[in-house]
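Remember, predicted model here, so these are calculated numbers, not experimental data.
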Amino acid sequence: MSARLGSPIVLLALVLAAPAAAQDDHPNGTNGANALNSGGVSGRIERPGDIDVFRFAAVAGARYRIETTDLGGGMDSLLDLHAPDRSHMQRDDDGGAGYASRIEFTASVSGDHYAVVSHYSRTSGVGTYRVRLEVLSGAPSTSTPAPTTPAPTTPTPSTSTAISALPLFDPKLSGAQLAVSCQLPRAGDVRLEVRRGSSRVATLISGNRQAGALSASWDGRDAQGLFAAPGSYTLRLRLDGSTIGEQGLEVVRVGILSMTFGGAGRVPLTWHRASSWGSRFPVDRVGPAWSVPSSQLGADVLDARDGSPLPTPALYQGLASPPRASDGSVLQRGNSLPLAYALGGQPQVSLALGARASTGSGAVGCNYPVANHPLRVAVEGGQRVSQMSGELTPGSAVTLDLPALPSTLGKRVQRYRFRFYTRVGNGWQALPGSIQTEHTLYTLAGQPASDLLPNGRPWVAALDLVSGWVAGARTSAQAHDLVTAGVNGQVGLRYDVNLGAPAYTGGFDLHAPELDLDAFLANQANGRVVNCLDCGALVNKLSAMVGSRTQVIVVGWNFNLYWLRGIGYQSFTASLFGGAHAFSYHALTSRDQGATVNDACLEVDDDARPYQSPYTPRLPQGMPFNDYRRQLSRDAFRLQDLGQASLR
């Protein structure tokens, strides 16, 4: 994550030199930085790239905790710590609860230190937060302690040596940095190294230091910039040439190859045009809904041949057909495919874990389980953390309940963050870094039945279109009304005032028209001039895509009309067909056997005199049939047939 925001040197430049922004709630530099205490300070990242700088007095040898809480408005905090000389000390992204940040450190010198709060995304991130300081030991509190936000982890325990760090580390997780703290009994020449056997892998601290606490971090790379291979390592602290502390460290490789979604309320989807001539292709036939690409070293390997982690897939944007490889075959790895759930469902995800890692020269095991330090995984969505899984083993499958679904219909990009935990003492602590995924998620009013859609599977392209219309709806009835409005006003359709002929429907029964929805979705291939049967069938089938059950109803026969406004026209008319102003029949939809009706084809004059101006436009949406009939015609037409449109 730090790579997306810039190195600590870049951030330090911002701290020293950034001008104060207009209406900024906290300074962007150390000059005039607001004081931080345990009572906490509220803040806001007003614009992408904004930073807020706070100062606090620290006492050498005292231990402190700085953390962000109460995140709101899309906030995903990043926290940086700077010493009195403005040098960068530590950075944390998700050490707190959810997307909050937390840093614990022991001050090596007395004086004003600086905490810098920013957003994880410098290009688009904004939001609100609260930041607070807590004295853990060695100095008086700065104010009356305030309650802390419960965190999903337990603090790193102290060790019997002069070094303290988590015992497990996977450097290939996104944002992973291993925090290492040391305690020097006296001043002298210090070297803090990562070693594997007799070989030095990396040097974290080198040079003269004062007595007291030191802190450093390791990105998991060696002196050549290559990722450390899974295996056993040692953190070694030397003072004036003598070893004064060591701690074992296991580099592991934890990762996810694929995700399969299930649970109550899942709605399978289909692409409607898998080839040039059109054949439906279920989304589930591709494979898991989310997967990393295949490694050249084997299907169970988490990394590329050069040792770099396999990239997380981008959202698949295709609406009509499945993803394909360069040779035309369906691409079954490296996808993030669309998902759909009915409101009230309980989604689950099954994770397929990788079994091997790459060292840059070949595949090796993942180096877990580690004795006394079992691994588990949990998933975050928003601020909620799921229950942790059972103990993990390489190549195994894990099923987790996902956070609750949104309570409204629509389309959204759903983001999840998977974090791995290991037992430390009596508690569980998160490994640095995470796996972050994105998914296109549609929420529906219900599961479409097979009599509404083939196999009960909505078409991705149709669902994508309709989801924009029904965003925010909470019920099937609201969805039906919003689809009616969408067909009437969102796709540029116009009533055929010459022949009243259909463009997208056919068949032998008016109440059971055959709808060529494929042609309609193909940029309205048959044109935009339609009749009532087209409008009724479109509302019927597009409502079904979001789980709303409706029927096509036919009313008739041969009745004259009051003033109305046809779909696509600007004004009311009493001469719809250039002199003739009557319907031989009319098709519309209903959700309750014709007691109320929806008509996307026209607006009635909904006032006491529908036969003259002025006009009170009303698009019939859940309109009682008797009211509709009274506002549309002076003749006593009635409901003739109820049915369902079918898809060609």
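The two residues Pro323 and Tyr316 come nearest to each other via the heavy atoms N-OH, 3.3 Å. Minimum heavy-atom separation, Asn335 to Pro313: O-CG, 3.5 Å. Of all heavy-atom pairs between Ala363 and Val301, the closest is CB-CG2, 4.2 Å. Shown here for Ser358 and Arg305, the closest heavy-atom pair between the two residues is OG-O, 3.2 Å. Closest non-hydrogen pair, Pro309 versus Arg253, comes out as CB-NH2, 3.5 Å. Of all the heavy atoms in Leu249 and Leu178, the pair that sits closest is CD2-CD2, 3.6 Å.
Aromatic ring orientation, Trp290 versus His439: tilted (interplanar angle from 30° to 60°).
Between the OG atom in Ser118 and the CG atom in Asp80 there is a gap of 6.0 Å [rounded to 0.5 Å]. For the atom pair Thr128 OG1 and Leu71 CG, the distance stands at 7.5 Å (nearest 0.5 Å). The structure places CG of Leu166 at 8.5 Å from CD of Gln247, a figure rounded to the nearest 0.5 Å. Rounding to the nearest 0.5 Å gives a distance of 10.5 Å between OG of Ser174 and CZ of Arg419. Between the CG atom of Asp92 and the CG atom of Leu79 there is a distance of 6.5 Å, given to the nearest 0.5 Å. Between atom CZ of residue Arg200 and atom OG of residue Ser198 there is a gap of 11.5 Å, rounded to the nearest 0.5 Å.
Here Glu67 does not pair with Arg65 in a salt bridge; the nearest charged N to carboxylate O distance is not below 4.0 Å. Between Glu46 and Arg44 there is no salt bridge, since no side-chain nitrogen of the basic residue lies less than 4.0 Å from a carboxylate oxygen of the acidic one.
Looking at heavy atoms from C-beta onward, Val370 lies out of side-chain contact with Pro167 at the 4.5 angstrom threshold. Taking the side chain as every heavy atom from C-beta outward, Ser291 and Ser336 never approach each other to under 4.5 Å. In this structure the side chain of Ser295 reaches within 4.5 angstrom of the side chain of Leu310, judged on heavy atoms. Ser164 places a side-chain heavy atom less than 4.5 Å from the side chain of Ser181. Counting heavy atoms from C-beta outward, Phe261 and Pro347 have side chains that stay 4.5 Å or more apart. In this structure, Pro293 and Pro311 have side chains that are in contact, with non-hydrogen atoms separated by less than 4.5 Å. Proximity of Arg333 to Leu257: side-chain heavy atoms (C-beta onward) are separated by under 4.5 Å at one or more points. In this structure the side chain of Ser389 never reaches within 4.5 angstrom of the side chain of Leu351, judged on heavy atoms.
Of the possible donor and acceptor atoms, one in the side chain of Gln346 sits under 3.5 Å from a partner among the backbone N and O of Leu402. Between the side chain of His26 and the main chain of Val53, no donor-acceptor pair closer than 3.5 Å is present. No side-chain donor-acceptor contact under 3.5 Å links Ser101 to the backbone of Thr68. At least one donor-acceptor pair closer than 3.5 Å links the side chain of Arg86 to the backbone N or O of Pro84. In terms of modelled atom types and a separation under 3.5 Å, the side chain of His88 and the main chain of His82 share no donor-acceptor contact. In this structure, the side chain of Ser121 engages the main chain of Ser124 through a donor-acceptor pair within 3.5 Å.
With Asp170 as the partner, the side-chain contact (heavy atoms from CB on, under 4.5 Å) test is satisfied by one option alone out of Asn367, Val252, Leu375: Val252.
Remark: Arg376 engages no residue in a side chain to side chain donor-acceptor pair (under 3.5 Å) (not counting sequence neighbours). Contacts of Asp222 classified as side chain to side chain donor-acceptor pair (under 3.5 Å), with partners at least two apart in sequence or in another chain: none. Under the side chain to side chain donor-acceptor pair (under 3.5 Å) criterion, Thr106 pairs with Arg63, not counting sequence neighbours. For Tyr368, the ring pair (Phe, Tyr, Trp, His ring centres under 6.0 Å) criterion is met by no residue, not counting sequence neighbours. Evaluation of the side chain to side chain donor-acceptor pair (under 3.5 Å) rule for Arg356 yields Asp300 as partners, not counting sequence neighbours.
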(request) Test side chain to side chain contact (heavy atoms under 4.5 Å, CB included) on Tyr129 and Asp52 and set out the steps. (result) CA-CA 11 Å; Tyr129 64 90; Asp52 291 344; 2.6 Å; yes

(request) Report the C-alpha distance between Val201 and Trp218 in whole Å, list the side-chain angles of each, state the deciding distance to 0.1 Å, and finish with yes or no for side chain to side chain contact (heavy atoms under 4.5 Å, CB included). (result) CA-CA 11 Å; Val201 177; Trp218 184 40; 4.1 Å; yes

(request) Any chance you could lay out the ring-ring contact (aromatic ring centres under 6.0 Å, His included) test for Tyr64 and His113, step after step, and finish with the verdict? (result) CA-CA 11 Å; Tyr64 300 88; His113 288 59; 7.4 Å; no

(request) Tell me, with the steps shown, if Leu353 and Ile256 meet side chain to side chain contact (heavy atoms under 4.5 Å, CB included). (result) CA-CA 5 Å; Leu353 303 180; Ile256 300 170; 4.2 Å; yes

(request) Go through the steps to decide whether Gln436 and Thr312 satisfy the test side chain to side chain contact (heavy atoms under 4.5 Å, CB included), and finish with yes or no. (result) CA-CA 8 Å; Gln436 300 170 65; Thr312 57; over 6 Å; no

Hey, can you pull the donor-acceptor pairs under 3.5 Å for the side chains in residues 206-215, sequence neighbours left out?
residue, atom, partner, partner atom, Å
Ser206, OG, Arg191, NH1, 3.3

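When only modelled atom types and interatomic distance are considered, Gln177 and Asp219 share no side-chain donor-acceptor pair under 3.5 Å. Side-chain contact, Ser232 with Glu250: a donor N or O sits under 3.5 Å from an acceptor N or O. Under the 3.5 Å distance criterion, with hydrogens and angles disregarded, a donor-acceptor pair is assigned to the side chains of Thr443 and Arg412.
For the pair Arg55 and Tyr114, the cation-pi criterion (under 6.0 Å, within 45° of the ring axis) is not fulfilled.
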